[in-house]
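Below, all heavy atoms of this structure are taken into account, side chains as well, without hydrogens, waters or symmetry copies. Numbers here simply count residues along the sequence, with the first being 1. Model, not experiment: these values are computed from the prediction.
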Amino acid sequence: LEGWMPEGCKLENNNEYIIKVRKEQENEDAPVYIQNNNLVQPFQSITNMYSVPNKKELDPNPIMAFFYILFFGLMLSDAGYGLLLTLGCLFLIKKKKYGKNEGSLIKLLTYCGISATIWGFFFGSFFGNLIPLKAVIDPLTDVMPLMGLSLLLGIIHIYMGMFMKAIMLIKEKKIFDAICDILVWYLLLTGVFLLVVPIVAGDIGIWSEVGKYLAIVGLVGVLLTGGRKEKNIIKKFTKGLSSLYGITSYFSDVLSYSRLMALCLSTGVIAQVVNLLGGLVGPIPAVIVGIIGHGFNLANSALGSYVHTSRLQYVEFFGKFYEGGGKEFKPFKYNNKYTRIKEEF
């Protein structure tokens, strides 16, 4: 038999078998063994649905898990729904007694439910407006601040993906590529954002001046380095000029995070409609309307949050640095459906 084992494992020979161990060769297709703590481990299933990281990449799961919890909670955005989701998942975990690598979805939803509860108190939503709470941002009245928050989180998320790419380039000793492909774009994008935000807010101040100079430096940097791999001087310039078109993809990526606001609004509006319908009937029918309506809204909003949060990871985040294509390490072991235990007294 021939197989792989995680680095650090020790096996000893005995009278029944002989083991020979050698190091991995450079050109071998070695599997990937990922170890994370109990918080991050359930989110590996999200990454694996996209692709297992290859052996040369950074593990994206710790960063991805943080943003996944953050975005899911923002989309669900109701303290009542978050508590129901958290308590329901905790009940299943205790009843099923999942092992370390089991029940990833249930464990994942537990953390996301806690996030939704926190965001729900932030937005003043507890089963809609069933219990009035003081909101830091009211999604129905403070639409523009909510939009700004969503886009800001999107910019941070994209910048983190670019930062991961820079780390990978530096590990490969491609420092100049990291400067040209990441740092220069950081300057250009940050400069443009600092120019746009004050104009939209109606307050053109010092940030616009800072943004102008950052944008100019970034623009010149992209023009000069975008075609650095071309030998012909004309091709260098045209490639640098055409690479500026990439800024449109960054803007479209940032706008994709408006879905955070959209799902947040839809959850709150549907919850308030359910409460309104319940107020039009008697007490007992109102309870039935509330259970059915809020149950449907919780299921629909949780599914939407799961899908759209995954989409933001796969397209906007992974698209900046992640290649995947790895092969997951699977230990050689018995995989029986049933296990018969013989007790001797």
Side-chain angles (χ1 to χ4, degrees), residues 3-9 24 28-76 82 85-86 88-116 153-154 156-168 171 260 302-335:
W4 299 93
M5 66 179 185
E7 186 176 2
C9 287
E24 171 200 351
E28 286 186 304
D29 185 20
V32 178
Y33 180 57
I34 301 175
Q35 278 187 310
N36 283 304
N37 57 39
N38 292 333
L39 174 61
V40 177
Q41 187 273 329
F43 293 89
Q44 291 178 192
S45 61
I46 301 295
T47 300
N48 291 347
M49 280 196 298
Y50 181 84
S51 180
V52 177
N54 63 58
K55 61 182 181 180
K56 296 181 180 180
E57 286 186 308
L58 296 174
D59 179 12
N61 289 294
I63 304 297
M64 189 274 290
F66 170 78
F67 282 104
Y68 200 100
I69 295 171
L70 185 71
F71 292 161
F72 189 105
L74 176 54
M75 290 183 185
L76 191 56
L85 185 62
T86 303
C89 290
L90 288 175
F91 173 76
L92 289 176
I93 291 172
K94 184 175 181 180
K95 183 178 179 181
K96 298 289 185 179
K97 297 181 180 179
Y98 294 112
K100 182 179 179 181
N101 296 318
E102 299 176 338
S104 294
L105 178 61
I106 302 300
K107 296 175 182 178
L108 178 153
L109 291 177
T110 303
Y111 299 125
C112 292
I114 296 172
S115 175
L153 292 175
I156 295 172
H157 196 211
I158 291 172
Y159 274 23
M160 183 57 67
M162 296 169 65
F163 180 70
M164 297 280 283
K165 179 65 175 180
I167 294 176
M168 291 169 59
K171 284 185 65 176
L260 296 174
L303 177 61
S305 300
Y306 176 81
V307 171
H308 287 283
T309 303
S310 299
R311 189 252 180 219
L312 288 174
Q313 310 301 325
Y314 294 157
V315 180
E316 277 70 32
F317 185 56
F318 285 172
K320 298 296 175 290
F321 70 98
Y322 191 66
E323 295 181 4
K327 181 173 63 177
E328 186 179 8
F329 173 76
K330 295 182 179 180
F332 180 68
K333 62 181 180 180
Y334 287 111
N335 190 22

Crowding at CG, N38 (>12 non-hydrogen neighbours, <6.0 Å): no

Mutual orientation of the aromatic rings belonging to F317 and F67 [parallel < 30°, tilted 30-60°, perpendicular > 60°]: tilted

N/O donor to acceptor pairs below 3.5 angstrom from side-chain atoms of residues 318-325, sequence neighbours left out:
unit_1: K320; atom_1: NZ; unit_2: D253; atom_2: OD2; d: 2.6
unit_1: K320; atom_1: NZ; unit_2: E316; atom_2: O; d: 3.4
unit_1: Y322; atom_1: OH; unit_2: S51; atom_2: O; d: 2.6

Distance (rounded to the nearest 0.5 Å) between F43 CZ and L108 CG: 4.0 Å

L70 side, atom CG; M75 side, atom CE - distance, nearest 0.5 Å: 10.0 Å

Partner set under side chain to side chain contact (heavy atoms under 4.5 Å, CB included) for S104, not counting sequence neighbours: Q41, P42, S45

Student check: side-chain heavy atoms of L74 and L153 closer than 4.5 Å: yes

For L58, side chain to side chain contact (heavy atoms under 4.5 Å, CB included) partners two or more places apart: M164, I167, M168, K171

Within residues 64-74 or reaching into it, pairs that qualify as side-chain hydrogen bond (donor to acceptor under 3.5 Å, both in side chains) - sequence neighbours excluded: Y68-S310

Working for salt bridge (Lys or Arg N to Asp or Glu O under 4.0 Å), residues E102 and K96: CA-CA 10 Å; E102 299 176 338; K96 298 289 185 179; over 6 Å; no

Salt bridge (Lys or Arg N to Asp or Glu O under 4.0 Å) involving K330 - partner list, sequence neighbours excluded: none

Residues which pass side-chain hydrogen bond (donor to acceptor under 3.5 Å, both in side chains) with K327, listed by chain and number, not counting sequence neighbours: none

Criterion side-chain contact (heavy atoms from CB on, under 4.5 Å) on Y50 and Q313, from CA distance to verdict: CA-CA 10 Å; Y50 181 84; Q313 310 301 325; over 6 Å; no

Results of side chain to side chain contact (heavy atoms under 4.5 Å, CB included) for V52 - residues two or more places apart only: V32, N48, E328

Separation of Y306 OH from L105 CG (nearest 0.5 Å): 5.5 Å

Minimum-distance pair of heavy atoms, taken over all atoms of L85 and G113: CD2-CA, 3.9 Å

Counterpart residues, salt bridge (Lys or Arg N to Asp or Glu O under 4.0 Å), relative to E28 (two or more places apart): R22

I93: side chain to side chain contact (heavy atoms under 4.5 Å, CB included) partners, not counting sequence neighbours: Y98, I106, K107, T110

Reported CD1-to-CE distance for the pair I46 and M64, which is rounded to 0.5 angstrom: 6.0 Å

Exercise: identify the closest heavy-atom pair between N36 and V40: CG-CG1, 3.6 Å

Residue pair L76 / C112, side-chain heavy-atom distance below 4.5 Å: no

From D29 atom CG to W4 atom CH2, the distance as rounded to the nearest 0.5 Å: 8.0 Å

Neighbour count >12 (heavy atoms, 6.0 Å) for atom CZ, F163: no

Residues which pass ring-ring contact (aromatic ring centres under 6.0 Å, His included) with Y33, listed by chain and number, not counting sequence neighbours: F329

Heavy-atom closest contact (Q44 atom, N61 atom, distance): CA-OD1, 3.4 Å

Side-chain donor/acceptor of S115 to backbone N/O of I69, under 3.5 Å: yes

T309: side-chain hydrogen bond (donor to acceptor under 3.5 Å, both in side chains) partners, not counting sequence neighbours: none

With sequence neighbours excluded, residues passing side-chain hydrogen bond (donor to acceptor under 3.5 Å, both in side chains) with Y159: T190

